There are 2 protein chains.
Amino acid sequence: MLSERQRMILNAIVDDYIRSAEPVGSRSISKRADVAFSPATIRNEMADLEELGLLEQPHTSAGRVPSIKGYRYYVDHLIKVEGLGERDMLKIRSFFAEKMILWEEVIGHAATILSQLTNYTSIVLGPETFQATLKHFQLVPINDTSAVAIIVTSTGHVEHRIVSIPEGIGMDDIQKIVNLLNDKLSGIPFIKVKSVLHSEIGKELSRIVESCEQIVNVLEKTLADNAEPKVYTSGATNILTQPEFKDIGKVKSILDMLDETPMLLRLFQSVPNGIQVRIGTENALEAINQCSLITATFSFEGQSLGSIGILGPTRMDYVKVLSLLDFLSKDMALWYAKQHK
Amino acid sequence: MLSERQRMILNAIVDDYIRSAEPVGSRSISKRADVAFSPATIRNEMADLEELGLLEQPHTSAGRVPSIKGYRYYVDHLIKVEGLGERDMLKIRSFFAEKMILWEEVIGHAATILSQLTNYTSIVLGPETFQATLKHFQLVPINDTSAVAIIVTSTGHVEHRIVSIPEGIGMDDIQKIVNLLNDKLSGIPFIKVKSVLHSEIGKELSRIVESCEQIVNVLEKTLADNAEPKVYTSGATNILTQPEFKDIGKVKSILDMLDETPMLLRLFQSVPNGIQVRIGTENALEAINQCSLITATFSFEGQSLGSIGILGPTRMDYVKVLSLLDFLSKDMALWYAKQHK
DNA sequence: CGTTAGCACTCAATCTTGTCGAGTGCTAAT
DNA sequence: ATTAGCACTCGACAAGATTGAGTGCTAACG
C-alpha cells in the first residue's frame with residue numbers, strides 16, 4: 001500500500017518525533033543519514049501521508065506529527081524489535097537473582113523494575129484467580145475471641161483475615177470446622193466455592209456448631225476479593241516529566257485513574273494473550289486518550305498468570321518498551337514454570 | 001503585642017487569602033462587614049504588620065499575603081476552633097459505624113476519610129511498634145517445603161510471611177520450635193527480640209534442629225519491618241487542584257516524597273502528642289516548603305497509637321482541618337480504648 | 001490625635017504590534 | 001520523477017503601550 005519511500009519517511013518522522021516531541025519538518029528529515037531526498041520531495045510525500053491520515057499538522061506551516069493511525073502503522077509494520085540493552089538485561093537478571101518465594105512478589109517487583117527501566121508508568125496485574133482453586137484453609141486462634149484465617153490458593157497467593165470467634169466454640173470445634181472445609185473445598189475453583197459452601201457443607205457445618213456464619217462469611221468475602229486480580233502500579237509521577245502533559249488537569253485525571261483499581265481492571269479487560277499495543281483513543285478510556293498502553297499477558301499451562309503493562313504518552317519509545325515487555329514477560333513465565341515444575 | 005485592630009485586620013487578611021489565593025488589598029478588607037475603617041487606615045496598619053514580619057508583599061503595589069510568621073500568629077492566637085459541620089460529622093459517624101476488627105483498618109480508612117472531607121492530602125501513621133511486644137507466633141505448614149509464619153503484636157497488628165522449611169524437619173519439630181519461641185518471646189518488646197533470640201534461644205533452638213536459621217531470620221526481618229510504623233496516604237493528587245501548585249516540577253517532588261515511606265517517617269518524627277501545625281519552612285523538608293502539615297498524635301495508656309495528618313498548601317483552611325483532626329483523633333482513640341477496655 | 005480623602009506612583013498582567021523563522025504548497029526548470 | 005525557487009502562513013518571541021489594582025504619603029477633618 002505504501003511505497004518503500006513513504007514507509008521510510010513515516011518511520012523517520014515517528015522516530016524523530018518520539019525523540020524530540022516537536023513537529024518534524026521536511027528539512028530535518030532530509031538531513032538524516034538514511035534519507036537521500038531533498039526537502040521538497042519529502043514535502044510531497046508528507047502531503048500524501050497526511051492525506052492517507054497517517055500524519056497531522058498542528059497548524060499550517062508547522063511540521064508534521066504522527067496521527068494515531070500513523071503510530072499504528074509504525075507499530076504494525078515499521079518497527080523491528082531489537083534485543084534489549086546491556087544495562088536493562090543486567091537489571092532484569094539481578095531482579096530474578098533475588099530470592100522470591102511468592103508469585104505475588106515477582107508481580108509486585110516487576111512493576112518497579114518496569115517503571116525504573118522505562119521512566120514511564122507501569123501497571124501490573126496479578127493472575128485472575130477466579131479460575132484458581134482453594135489449596136489450603138487454616139484457622140489459627142490468637143486469643144479467646146479471635147483467630148487468623150489463612151487462605152492459600154493454587155496460584156500461590158496467601159492471605160490472612162481476622163475472624164472473631166463466636167462464644168462457646170472450643171479448640172476442637174475449630175479443628176473440626178477447618179478439617180471439614182479443607183476436605184470439601186480443596187481443589188474447588190473459587191467461583192464454585194460459594195455454592196458448594198451453601199449446598200453441601202452448610203448442613204454438616206451447622207451440625208458441628210450453631211453460629212459459625214462469621215467464619216464462613218470471611219471465607220466467602222476473601223474469595224470474592226480475590227476473584228479480581230491484584231493490581232500494582234509504579235512510577236505514576238513519571239508522566240509529569242513528559243512535555244505533553246504540562247496541563248495539570250489532564251495529569252490529574254490520569255493520576256486519579258491510576259489510583260482506582262476498578263478502572264485499571266476495565267482497562268486491562270479483554271487484552272489478549274501476548275503483547276498488545278493500544279494507541280491513544282484506541283484505549284476508549286477518556287483519561288488516557290493521549291496515552292498509549294502496551295501490555296503483555298502470559299500464562300502457564302493454560303492458566304493466565306497476569307499482565308504487565310506500560311502506560312506512556314502516545315509518543316513513547318515503542319521499540320524499547322516492546323522489547324522490554326517481551327523479554328520480561330517471558331522471563332516471568334519461566335520463573336513461574338520453574339516454581340511449579 | 002498587637003492591637004485589637006491589628007489582630008482583626010490580620011485575621012481578615014489570612015481569611016480572605018485562604019479563600020481566594022490572591023493577594024489581599026486594603027479596599028477589599030475595608031468592605032468586609034466586620035471591619036469599619038477606610039482603606040487608608042487599613043493600609044497604615046498593613047504597613048505596620050508588614051514591618052512586624054506578619055505580612056508580605058509579592059511586589060510593590062500588590063496586595064498583602066500572610067508570611068509564615070503571619071500564619072503562625074493566626075494559628076496560635078486568632079483561630080477559634082469551631083464545631084464540625086453537620087455533613088463531616090455524619091461522615092465520621094458512619095465511618096465508625098462500619099464493622100472493623102483491626103486497629104489497622106481504622107488507621108487505613110482514616111486516611112481516606114480525611115482526604116475526602118478536606119480535599120487535601122492525608123498522611124496517616126500506624127503505631128510505632130518498637131514499644132509493642134510480641135503476642136503470638138505461629139507456623140502453619142502449607143505444603144512439604146513451605147509454611148506461613150504468623151506474627152501477632154500487642155498493638156493488634158497481624159502479619160504473615162512465607163517461610164520455606166528446610167528438609168528433614170517434621171511437624172513435631174516445628175511444633176517444638178513454635179512452642180519454644182512463644183514461650184520465650186511472648187511479651188518481649190520488639191527491640192529486644194533480636195538479642196534475646198540470639199543470646200537465650202539460639203542454643204536451645206539448635207538443640208532441637210540444626211538448620212532453622214531461615215525461620216529465625218523471617219521472624220527477625222518481620223519484626224524489623226514492623227519497628228517502623230505503617231504509613232497510609234490518600235488524596236495525593238488533590239494538591240493538583242491548588243492554584244499555587246501549577247508548577248509541575250514542585251508537584252512532582254511532592255508526589256514523589258509521598259511515595260517514599262522513609263521520607264514521611266522523617267516528616268512525622270518528633271511530632272509531639274496532641275495537635276501540631278507546621279507551616280511552610282517549619283517543615284525542614286525542602287519539597288514541602290510551601291505546604292503546611294497539621295498532625296494529631298494520640299495514645300492510649302501511654303502507648304502511642306499513631307498519627308493522622310493533613311498536608312496542604314500553607315494557605316489551607318486551618319480552622320476546618322484543626323477541628324476535623326481534633327474530632328477524628330479523639331474518636332479514634334475512643335474506638336481503640338473500647339476495643340482494649 | 002486618630003482617621004480619612006486625595007493623589008501621585010508602582011508594577012504585574014494584559015493587550016498590541018512587529019519581527020523572525022521554520023515550514024509549507026505550488027510552479028517551473030532540470 | 002526530482003528539485004530549486006519563491007511566495008505565503010502562522011506560531012513564537014520581544015518590545016512597547018495600556019490598564020487597573022494597590023500602595024505610600026500628605027494634608028485636611030472632626
Side-chain angles (χ1 to χ4, degrees), chain A residues 2-10 12-17 19-67 70 243-244 246-247, chain B residues 2-10 12-67 70 243-244 246-247 315:
Chain A
L2 291 192
S3 73
E4 194 50 43
R5 196 168 69 188
Q6 284 176 318
R7 293 158 55 94
M8 161 174 268
I9 289 173
L10 177 58
I13 290 175
V14 177
D15 245 37
D16 266 25
Y17 186 64
R19 255 191 284 283
S20 69
E22 307 260 292
V24 183
S26 55
R27 223 176 104 75
S28 62
I29 292 294
S30 93
K31 271 193 284 196
R32 283 171 61 116
D34 54 341
V35 181
F37 300 96
S38 79
T41 311
I42 310 235
R43 277 205 291 281
N44 288 328
E45 296 286 26
M46 277 160 98
D48 291 351
L49 287 171
E50 184 169 0
E51 207 157 317
L52 289 170
L54 296 170
L55 294 180
E56 281 170 354
Q57 251 182 323
H59 56 88
T60 346
S61 98
R64 299 303 207 292
V65 163
S67 70
E244 48 262 76
K246 50 183 192 294
D247 173 14
Chain B
L2 291 193
S3 73
E4 193 51 43
R5 196 166 71 187
Q6 284 176 317
R7 293 158 57 94
M8 161 175 269
I9 289 173
L10 177 58
I13 291 174
V14 177
D15 245 38
D16 265 26
Y17 186 64
I18 284 177
R19 257 191 283 284
S20 69
E22 307 259 293
V24 183
S26 54
R27 225 176 102 78
S28 62
I29 292 295
S30 92
K31 269 193 285 197
R32 284 173 61 119
D34 54 339
V35 181
F37 300 96
S38 78
T41 311
I42 309 236
R43 278 204 290 281
N44 288 330
E45 295 288 25
M46 277 159 97
D48 290 351
L49 287 170
E50 185 169 0
E51 207 157 318
L52 289 170
L54 297 170
L55 295 180
E56 280 170 358
Q57 251 181 324
H59 55 88
T60 346
S61 97
R64 298 305 206 292
V65 162
S67 68
E244 48 262 75
K246 52 183 193 294
D247 173 13
R315 184 190 61 77

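Numbered from 1 within each chain, the chains take letters A, B, ... in sequence-line order. Keep in mind that what you see is a predicted model, and the values were worked out from it rather than measured.
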For this session: Identify the heavy atoms of A:Tyr17 and A:Glu22 that sit nearest to each other, and give their distance.
Result: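 In terms of heavy atoms, the two residues are closest at CD1-O, 3.0 Å.
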Exercise. Taking all atoms of both residues into account, what is the closest heavy-atom pair of B:Gly70 and B:Leu10, and its distance?
Worked result: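 Smallest interatomic distance, heavy atoms only, reads O-CD2, 4.4 Å.
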Exercise. Hey, can you pull the residues of residues 54-65 of chain A with a non-hydrogen atom under 4.0 angstrom from DNA chain D?
Worked result: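 Of all residues in residues 54-65 of chain A, the ones placing a heavy atom under 4.0 Å from DNA chain D are A:His59, A:Thr60, A:Ser61.
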For this session: Can you establish whether the number of heavy atoms outside A:Arg32 located under 6.0 Å from its atom CZ is more than 12?
Result: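 Count over threshold, so yes.
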Is there a donor-acceptor pair under 3.5 Å between the side chain of [X] and the backbone N or O of [Y]?
| X | Y | result |
| --- | --- | --- |
| A:Ser26 | A:Ile42 | no |
| A:Gln57 | A:Ala62 | yes |
| A:Ser20 | A:Asp16 | yes |

Side-chain contact, heavy-atom cut-off 4.5 Å: [X] with [Y]?
| X | Y | answer |
| --- | --- | --- |
| B:Leu49 | B:Arg64 | no |
| B:Phe37 | B:Glu45 | no |
| A:Ser30 | A:Ser38 | no |
| A:Pro23 | A:His59 | no |

Exercise. Can you check the B:Ile29 CD1 to D:dG22 P distance for me, whole Å?
Worked result: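 Rounded to the whole Å, the gap is 10 Å.
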For this session: Mind running a 4.0 Å heavy-atom check of residues 42-50 of chain B against DNA chain C and sending the residues that fall below it, in number order?
Result: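 Going residue by residue through residues 42-50 of chain B, the ones with a heavy atom under 4.0 Å of DNA chain C turn out to be B:Arg43, B:Asn44.
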Problem set entry | Residue whose nearest DNA chain C nucleotide is more 5′ - B:Ala36 or A:Pro39 |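 Its nearest nucleotide lies further toward 5', so the answer is B:Ala36.
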Problem set entry | Span of DNA chain C, from the first to the last nucleotide whose atoms fall under 4.0 Å of chain B heavy atoms |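 In short, chain B contacts DNA chain C from C:dT3 to C:dA12.
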